[in-house]
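Report on the structure given below.
Lettering follows sequence order; numbering is per chain, from 1.
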Number of protein chains: 2
Amino acid sequence: MPSHEFQSHDHSHCVSDAMNAALLHCEKNSLKFTPVRQRVFEILLSEHKAMGAYDILEILAKEGMGSQPPVVYRALDFLGTHGFVHKIEKLNAFVACEHPGSDHDPAFMICRSCTKVVEMEGSPNSEISTAAKSMGFEVEAIVVEAEGLCPTCQDTE
Amino acid sequence: MPSHEFQSHDHSHCVSDAMNAALLHCEKNSLKFTPVRQRVFEILLSEHKAMGAYDILEILAKEGMGSQPPVVYRALDFLGTHGFVHKIEKLNAFVACEHPGSDHDPAFMICRSCTKVVEMEGSPNSEISTAAKSMGFEVEAIVVEAEGLCPTCQDTE
DNA sequence: GAGGGCTTGATATACTATAACAGTTCATAT
DNA sequence: ATATGAACTGTTATAGTATATCAAGCCCTC
């Protein structure tokens, strides 16, 4: 499976793989993967894009699954805590994680043209951790978000 | 001068150096470094902490320099555009830049205990750029924010 | 001194997120 | 089986962050 989610790919695999991994992880750890939580995860999985909480809420509301902000924020909190989604700070938006289950400090590429968001492979954050450590700073979490143009959008500019 | 702004240091140098550099840069480039803009910059320089736009606005309002959000957001926009301040996405807050004038992709360390924010030296972001490039992604800007404990706060825990 | 561009003032509103409390569900211990 | 408690959901209200828009003033320059 290619790591280049910016290119076209069999997206149904992304969805089913991630959903299966999440289901498995929840079962193993006795986590309650409730309908709202599953649905929010599905919505986020449906595209490699970051979605705002209120965009998600709108969809939920149409489906009769809760129409107030806390509903979606609580689901996102659950999904984030257990590593199924990540927040893109720069966009105040959320994306489904492509490697759920594994604990990691993700790094993202955000295309400013097509708004796709893809997680980098291999968490290339060691340079930063090293630099921080050399100043005596103890890193607990890292936000890395690179904004620019994805391969496809470079061609069309 | 130590690069360890987490430690105690002669802070008046930070302020005057940065302000002088900003004044110089504005003069050279015919930028209008108006009173509101200068004052917002000063406020942010006064501590190595990130401040919310509304915190700054409160101070401005007390001093009679404008009491509506657009005033401070416009000043922050100007200061950000010209590299005098940076936004900390994770905190929705702003810090004065410690190396104004030089164009750079900053990387920050945020202490979750004392809330100080310090810019890393040397922009340790090449690993990320390399990783992105290897996927064909063209990086235009990078957000790097490491949250954790500064040297001082590690001792007191 | 008229025009144009930029800055500020002011009002209104949009967008993002959380606090707090009530009601429900469900697993577990008694 | 049922009482208990923990976690999830529903709902109301509100806090916090950011921008659109239009009017008015300033300054440069032609």
Side-chain angles (χ1 to χ4, degrees), chain A residues 22-23 26-41 43-44 49-82 84-95 110 115 117 143 145, chain B residues 22 26-27 29-41 43-44 49-82 84-95 110 115 117 143 145:
Chain A
L23 285 164
C26 286
E27 187 155 356
K28 270 188 186 167
N29 296 275
S30 315
L31 301 174
K32 299 183 181 172
F33 203 18
T34 64
V36 185
R37 292 167 177 178
Q38 281 196 40
R39 187 66 192 117
V40 170
F41 189 40
I43 290 168
L44 282 173
K49 293 190 179 174
M51 297 184 71
Y54 283 76
D55 297 331
I56 298 168
L57 182 59
E58 199 176 324
I59 297 175
L60 287 182
K62 275 181 191 151
E63 300 173 354
M65 296 188 80
S67 57
Q68 300 307 320
V71 171
V72 66
Y73 279 103
R74 283 191 289 232
L76 288 168
D77 184 62
F78 171 88
L79 294 167
T81 298
H82 298 292
F84 303 146
V85 312
H86 298 296
K87 179 171 185 184
I88 307 295
E89 299 290 346
K90 176 121 188 180
L91 305 177
N92 291 320
F94 303 83
V95 286
I110 307 165
T115 74
V117 173
V143 172
E145 296 169 1
Chain B
C26 286
E27 187 154 355
N29 296 275
S30 316
L31 301 174
K32 298 184 182 170
F33 202 18
T34 64
V36 185
R37 292 167 176 178
Q38 280 197 40
R39 186 68 192 116
V40 170
F41 189 40
I43 289 167
L44 282 172
K49 294 191 179 174
M51 296 183 72
Y54 283 76
D55 297 329
I56 297 168
L57 181 58
E58 199 176 325
I59 296 174
L60 287 182
K62 276 182 191 154
E63 301 173 354
M65 298 187 78
S67 56
Q68 300 306 319
V71 171
V72 66
Y73 279 103
R74 284 190 289 231
L76 287 168
D77 185 59
F78 170 88
L79 294 167
T81 297
H82 300 292
F84 303 147
V85 311
H86 299 296
K87 180 172 185 185
I88 307 295
E89 299 290 347
K90 176 116 188 184
L91 304 178
N92 291 320
F94 303 84
V95 287
I110 306 165
T115 75
V117 174
V143 172
E145 297 169 0

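- Of the candidates dT12(D), dT8(C), dT7(C), the closest approach to any side-chain atom of K32(B) belongs to dT7(C).
- One can place CD of E89(B) at 13 Å from P of dT16(C), the figure rounded to the nearest angstrom.
- Remark: S67(B) is not in phosphate contact with dA10(C), judged by side-chain N or O atoms under 4.0 Å from OP1 or OP2.
- Each of A93(A) and P35(B) was assigned the nucleotide of DNA chain C with the nearest heavy atom; the assignment lying further toward the 5' end belongs to P35(B).
- The structure places CD1 of I88(A) at 5.0 Å from CD1 of I110(A), a figure rounded to the nearest 0.5 Å.
- The listed nucleotides are dA10(C), dG10(D), dA17(C); the one nearest the side chain of V71(A) is dG10(D).
- Between K87(B) and dT17(D) there is no side-chain polar atom (N or O) within less than 4.0 angstrom of OP1 or OP2.
- A distance of 8.5 Å separates CG in D77(B) from NE2 in H82(B), rounded to the nearest 0.5 Å.
- Rounded to whole angstrom, the span from the NZ atom of K90(A) across to the P atom of dT17(D) amounts to 18 Å.
- Between the P atom of dA17(C) and the CD1 atom of I56(A) lies a distance of 10 Å, rounded to the nearest Å.
- Using a 4.5 Å cut-off on side-chain heavy atoms (C-beta onward), V85(B) and F78(B) make no contact.
- Between the CZ atom of R74(B) and the C1' atom of dT17(D) there is a distance of 16 Å, given to the nearest Å.
- The backbone N or O of L60(A) sits nowhere less than 3.5 Å from a side-chain atom of R39(A) that would complete a donor-acceptor pair.
- For P70(A), the side-chain atoms get nearest to dT12(D) when compared with the rest of dC8(D), dT12(D), dA18(D).
- Between R37(A) and dC8(D) there is a side-chain polar atom (N or O) within less than 4.0 angstrom of OP1 or OP2.
- The distance from the CD1 atom of I43(B) to the CE atom of M51(B) is 6.5 Å, given to the nearest 0.5 Å.
- Distance D77(A) CG to dT9(D) C1': 14 Å, rounded to the nearest Å.
- Between N92(A) and the phosphate of dA17(C), there is a side-chain N or O to OP1/OP2 separation shorter than 4.0 Å.
- The nearest heavy atom of DNA chain C to D55(A) and to G64(B) marks one nucleotide each, and the one closer to the 5' end goes with G64(B).
- In this model, a side-chain donor or acceptor of Y54(B) finds a partner on the base of dA18(D) within 3.5 Å.
- Checking dT7(C), dT19(D), dG9(C) against every side-chain atom of P69(B), the shortest atom distance belongs to dT19(D).
- Distances from the side chain of Y73(A) to the nucleotides dT18(C), dA10(C), dC8(D) place dT18(C) closest.
- Atom P of nucleotide dT21(D) and atom CD of Q68(B) are separated by 18 Å, given to the nearest angstrom.
- Atoms CG (L57(A)) and C1' (dT16(C)) sit 12 Å apart, rounded to a whole Å.
- In this structure, M65(B) places its CE atom 8 Å from P of dG9(C), rounding to the nearest Å.
- Under a cut-off of 6.0 angstrom, the local environment of CD in E63(B) is crowded, with over 12 non-hydrogen atoms contributed by other residues, nucleotides or ligands.
- When each of dG9(C), dT11(D), dA18(D) is scored by its nearest atom to the side-chain atoms of A53(B), the top-ranked nucleotide is dA18(D).
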